[in-house]
Amino acid sequence: MQIHPISCGLGYAFLIESEGGLVLVDCGSPHQEKKVLAAMDALGRHDLKLIWITHAHYDHYGSAAALHAQTGVPIGVHPADSEALHAGRSDLGIVRGVGHLFPLGLGIAKVFVPLPPVKPEVLLEDGASLMDYGLAAQVFHTPGHTPGHSSLWLEDGTLIIGDLIGQKKRACRQTLLATDWQALEESLARMQALKPCRVYSGHSPRAIPREEFCNL
Ligand SMILES: [Zn+2]
């Protein structure tokens, strides 16, 4: 199993390559679909089975509609964020600190680069397996940043965690955006208890080692 981070505008997509096919986690801002398609071309593989979205934010599902239109591959998300994708919403919740700039920035971004709505066909709850899509991985519902925010636990001990945490040079706690700050803390504690061997967050290609993640 290999993970290929792809820079997609404001966020990162993660193309997971395994014997069973390809699964894409997130797809960045709008108009980033060519980068994902180019990454598949570079691998010489086009057996994409699922586009799974960690949460309903502009910079995580912005290119989902275009990728779905071009590949026919279904979009998966947790039921609690499904309606937001279908409506083309990106709810920011209760902002803190410089997070207060985000609603303004998002409003401007959506005027110039609208967020295309997309209908998720695959609703994945806590504990759902991705074996139907060729990948030995399990979905964990990790609410807080958004109501349906979820993380993906891979067979090799890798965790892909969306925006449950932040990352600059090093990993940091999510301090800017949440719809439920208490739930966010509980979700992080639950993921730390898994003691993953490495963690990918939504805005960096860097794999966070276990010790750094567990001591946030
Ligand atoms: Zn987010």
Side-chain angles (χ1 to χ4, degrees), residues 10-12 14 25-26 52-62 64 76-107 109-110 115 120 122-130 137-154 157-204 206-216:
L10 297 171
Y12 271 81
F14 297 90
V25 175
D26 287 337
W52 182 74
I53 304 297
T54 59
H55 64 290
H57 273 170
Y58 184 90
D59 46 352
H60 291 258
Y61 81 94
V77 74
H78 187 275
D81 273 18
S82 171
E83 195 186 314
L85 262 69
H86 199 189
R89 292 202 324 267
S90 178
D91 302 332
L92 296 181
I94 305 155
V95 296
R96 287 181 176 172
V98 293
H100 283 99
L101 298 173
F102 282 55
L104 177 64
L106 176 64
K110 285 174 84 169
L115 175 58
V122 179
L123 299 182
L124 294 164
E125 308 245 13
D126 187 65
S129 163
L130 296 194
Q138 187 179 3
V139 170
F140 286 122
H141 183 208
T142 48
H145 184 63
T146 67
H149 186 288
S150 298
S151 303
L152 195 64
W153 175 244
L154 304 179
T158 301
L159 185 65
I160 302 180
I161 204 168
D163 285 351
L164 186 60
I165 61 171
Q167 189 172 184
K168 292 164 188 161
K169 281 186 180 168
R170 288 175 61 86
C172 57
R173 285 182 171 251
Q174 171 61 258
T175 57
L176 304 177
L177 300 174
T179 52
D180 183 333
W181 287 98
Q182 179 63 33
L184 185 124
E185 291 299 317
E186 291 167 9
S187 293
L188 177 57
R190 185 181 174 212
M191 293 300 99
Q192 287 174 320
L194 293 172
K195 296 190 169 25
C197 66
R198 57 178 177 163
V199 178
Y200 288 97
S201 63
H203 293 273
S204 172
R206 174 177 169 262
I208 302 161
R210 172 189 290 150
E211 196 175 338
E212 185 179 327
F213 174 69
C214 289
N215 290 301
L216 282 177

Closest non-hydrogen atom pair, Phe14 against Ser204: CZ-O, 3.6 Å
Distance (rounded to the nearest 0.5 Å) between Thr146 OG1 and Leu184 CG: 10.0 Å
Worked verdict on Glu125 versus Val139 for side chain to side chain contact (heavy atoms under 4.5 Å, CB included): CA-CA 7 Å; Glu125 308 245 13; Val139 170; over 6 Å; no
Contacts of Arg170 that satisfy side chain to side chain contact (heavy atoms under 4.5 Å, CB included) - sequence neighbours left out: Glu212
Approximate separation, where rounding is to 0.5 Å, of Gln167 CD and Ser201 OG: 4.0 Å
Between CG on residue Leu124 and CH2 on residue Trp52, distance to nearest 0.5 Å: 8.0 Å
Identified side chain to side chain donor-acceptor pair (under 3.5 Å) partner of His149 from the options Thr54, Thr179, Thr142: Thr142
Nearest-0.5 Å distance that lies between atom CG in Leu159 and atom CZ in Phe213: 5.5 Å
For Arg89, all residues meeting side chain to side chain contact (heavy atoms under 4.5 Å, CB included), sequence neighbours excluded: Glu83, Ala84, Ala87, Asp91
CD1 on Ile53 to CG on Asp81, rounded to 0.5 Å: 10.5 Å
Non-hydrogen atoms of Leu164 and Ser187 that approach each other most closely: CD1-CB, 3.8 Å
Results of side chain to side chain contact (heavy atoms under 4.5 Å, CB included) for His203 - residues two or more places apart only: Asp59, His60, Asp163
Heavy-atom donor-acceptor pair, Gln174 side chain to Leu176 backbone, under 3.5 Å: yes
Exercise: identify the closest heavy-atom pair between Ala56 and Leu85: CB-CD1, 3.3 Å
pair Leu130-Leu152: side-chain heavy atoms closer than 4.5 Å: yes
N/O donor-acceptor pair under 3.5 Å between His55 side chain and His57 backbone: no
Heavy-atom pair of closest approach, residues Arg190 and Phe140: NH2-CD2, 3.3 Å
Shortest non-hydrogen contact between Pro196 and Trp153, atoms and distance: CB-CZ3, 3.6 Å
Straight-line distance of Ile160 CD1 to Ser151 OG, nearest 0.5 Å: 9.5 Å
Heavy-atom donor-acceptor pair, Glu186 side chain to Ala189 backbone, under 3.5 Å: no
Donor-acceptor contact below 3.5 Å, side chain His141 vs main chain Pro147: yes
